[in-house]
There are 2 protein chains.
Amino acid sequence: MTKIIPERSIERLSVYRRVLLQLRDADAAVVFSHELSKHAGVTAAQVRRDIMHLGCMGVPNSGYRTSELLDAINTFLDAPESQRAVLIGVGHLGLALLNHFSGRWRWLHIHAAFDTDAGKQDTLIRGVRCYPLSEIGRIVREWRIDVGILTVPKDAAQNVADRLCAAGVRGLLNFASLRLQVPEGVYVENVDLTSSFEKVAFFARQGSKALDSSLPCDQAEAVNSVEGTQSH
Amino acid sequence: MTKIIPERSIERLSVYRRVLLQLRDADAAVVFSHELSKHAGVTAAQVRRDIMHLGCMGVPNSGYRTSELLDAINTFLDAPESQRAVLIGVGHLGLALLNHFSGRWRWLHIHAAFDTDAGKQDTLIRGVRCYPLSEIGRIVREWRIDVGILTVPKDAAQNVADRLCAAGVRGLLNFASLRLQVPEGVYVENVDLTSSFEKVAFFARQGSKALDSSLPCDQAEAVNSVEGTQSH
DNA sequence: GAGTGTGAAGGCCTTCACAGCT
DNA sequence: AGCTGTGAAGGCCTTCACACTC
């Protein structure tokens with residue numbers, strides 16, 4: 001049944017949603033694809049193409065109704081019932097993510113954290129309780145956790161991933177700088193900070209070449225940066 | 001003059017390098033594409049294709065000489081003279097990155113940090129001195145900084161990016177959850193934690209559809225009992 | 001006129017498959 | 001036999017261009 005959708009479209013829909021939330025707060029009742037395009041750093045055609053996956057929402061000379069589009073994205077991206085995540089490794093990066101994610105969405109929530117440091121265990125961090133690693137299996141199973149966020153040192157990552165997968169998570173967000181081996185059916189998104197940094201450094205150097213032969217520009221299409229995305 | 005190379009290849013070369021460093025430490029004198037492939041999570045053909053960009057290095061039935069391949073990647077990825085970066089926003093995320101990057105490479109180094117918090121200013125954090133934001137322009141210009149790492153709240157991000165670009169950086173690593181507007185020739189790599197998280201959640205849900213039959217040795221795969229509560 | 005929805009074209013990247021080497 | 005290097009094929013995604021709508 002699954003309509004297949006490009007991974008990149010999912011990422012962009014997430015971006016559009018945040019732009020739309022801001023627009024709605026600014027009382028913008030309608031929005032055009034070229035406006036979204038500007039804020040999201042992609043072409044207008046791309047925006048319309050992505051929105052196609054939601055079913056058609058727009059009105060030809062009037063753009064999209066902000067709240068309607070927002071609802072459609074919510075329905076599409078979010079689970080019908082909320083999803084549960086855990087975070088393993090409460091270092092600076094783990095703390096940053098707890099700060100960033102905790103309490104932000106009701107439909108996608110970090111339910112527990114894990115760390116080897118006994119000093120952190122049983123404490124509340126940003127409203128999230130911290131447990132020893134030995135509890136991973138039990139808690140993931142009992143609470144039916146869907147997603148694991150790995151912010152552990154690379155030497156520990158595979159072992160933790162194995163435990164999470166054995167306990168039934170279906171997705172991993174991996175910040176450790178190695179590629180995890182996981183069973184079929186488990187989705188892994190790698191956020192590789194080292195690669196990202198080295199990539200920026202590389203293209204910062206190359207960048208001078210990129211004197212793009214610009215279009216006969218009928219109008220301000222711009223989006224004048226070279227653009228990357230992470231992910232993976 | 002630039003040989004054009006896929007962005008993804010750059011990312012993967014960065015991954016291969018780390019794998020090779022470990023292999024070299026394990027005294028592996030040679031390495032096959034299928035070995036790299038396994039550790040990097042891509043196909044062997046992809047590995048060979050990426051290595052093509054470096055010029056040919058391998059010996060048909062003997063694989064690649066580890067140190068030779070490593071040198072070639074270093075030469076390709078790294079600047080002939082070292083590149084300099086600064087980091088703006090010393091919150092948890094900024095600290096995590098300082099920890100992660102500082103002193104790790106001599107050819108790519110974070111030279112200064114910036115924060116609005118006066119308590120952090122003039123202190124040394126992981127060997128990196130912290131300055132007030134007002135110093136950005138001066139320091140970036142004087143030290144000829146190439147890359148800026150933005151770990152500031154989203155409301156501050158565009159303003160900081162403008163200052164960095166005006167002072168001459170050629171690349172930005174942006175962790176703020178919005179798309180920056182930058183002048184032509186400045187490369188932006190977005191690391192969008194929100195998108196990544198939402199993407200994992202989405203595909204973790206979708207993944208269940210891919211119930212590929214016949215996974216032999218798979219025993220009790222959790223998610224047992226109640227199923228009505230969770231479907232799509 | 002101004003914007004959306006979308007088939008078709010195009011481009012980038014990955015995979016295939018096999019020649020060639022050792 | 002086993003592995004690399006690489007043209008060719010394929011697939012995924014983006015962009016173009018235009019019919020259609022208000």
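Everything quoted here is computed from the prediction, not taken from an experiment. Per chain, numbering begins at 1; letters A, B, ... match sequence-line order.
Ion pairing of B/Arg18 with A/Asp192 is present here, as a side-chain N (NZ or NE/NH1/NH2) and a carboxylate O approach within less than 4.0 Å. For the pair A/Arg12 and A/Asp50, the salt-bridge criterion is met [side-chain N within less than 4.0 Å of a carboxylate O]. Salt-bridge check for B/Asp71 with B/Arg65: failed, with every basic side-chain N at 4.0 Å or more from each acidic carboxylate O.
What separates CE of B/Met52 from C1' of D/dT6 is a distance of 6 Å, to the nearest Å. Counting to the nearest Å, the P atom of D/dG7 and the CZ atom of B/Arg48 are 14 Å from each other. What separates CG of B/Leu54 from C1' of D/dG5 is a distance of 13 Å, to the nearest Å.
With 3.5 Å as the limit, one finds a donor-acceptor pair spanning the side chains of A/Ser14 and B/Glu198.
Scanning for side-chain hydrogen bond (donor to acceptor under 3.5 Å, both in side chains) contacts around B/Tyr64 gives an empty result, with sequence neighbours left out. Residues satisfying the ring-ring contact (aromatic ring centres under 6.0 Å, His included) test with A/His39, not counting sequence neighbours, are none. Applying the side-chain hydrogen bond (donor to acceptor under 3.5 Å, both in side chains) criterion to A/Trp105, with sequence neighbours excluded, gives no partner residue. With sequence neighbours excluded, the residues that form a side-chain hydrogen bond (donor to acceptor under 3.5 Å, both in side chains) with B/Ser33 are B/Arg48.
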Using nucleotides 8-14 of chain C, report all nitrogen or oxygen pairs with the protein that are shorter than 3.5 Å.
{"from": "C/dA8", "atom 1": "N6", "to": "A/Arg49", "atom 2": "NH2", "distance (Å)": "3.1"}
{"from": "C/dT14", "atom 1": "OP1", "to": "B/Arg12", "atom 2": "NH1", "distance (Å)": "2.5"}
{"from": "C/dT14", "atom 1": "OP2", "to": "B/Arg12", "atom 2": "NH2", "distance (Å)": "2.7"}
{"from": "C/dT14", "atom 1": "OP2", "to": "B/Gln46", "atom 2": "OE1", "distance (Å)": "3.4"}
{"from": "C/dT14", "atom 1": "OP2", "to": "B/Gln46", "atom 2": "NE2", "distance (Å)": "3.3"}
{"from": "C/dT14", "atom 1": "O5'", "to": "B/Gln46", "atom 2": "OE1", "distance (Å)": "2.9"}

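Side-chain nitrogen and oxygen atoms of B/Ser33 include none within less than 4.0 Å of the OP1 or OP2 phosphate oxygen of D/dC3.
Heavy-atom distances under 4.0 Å link DNA chain D to B/Met57, B/Gly58, B/Val59, B/Pro60, B/Asn61, B/Gly63, B/Tyr64 of residues 57-68 of chain B, given in residue order.
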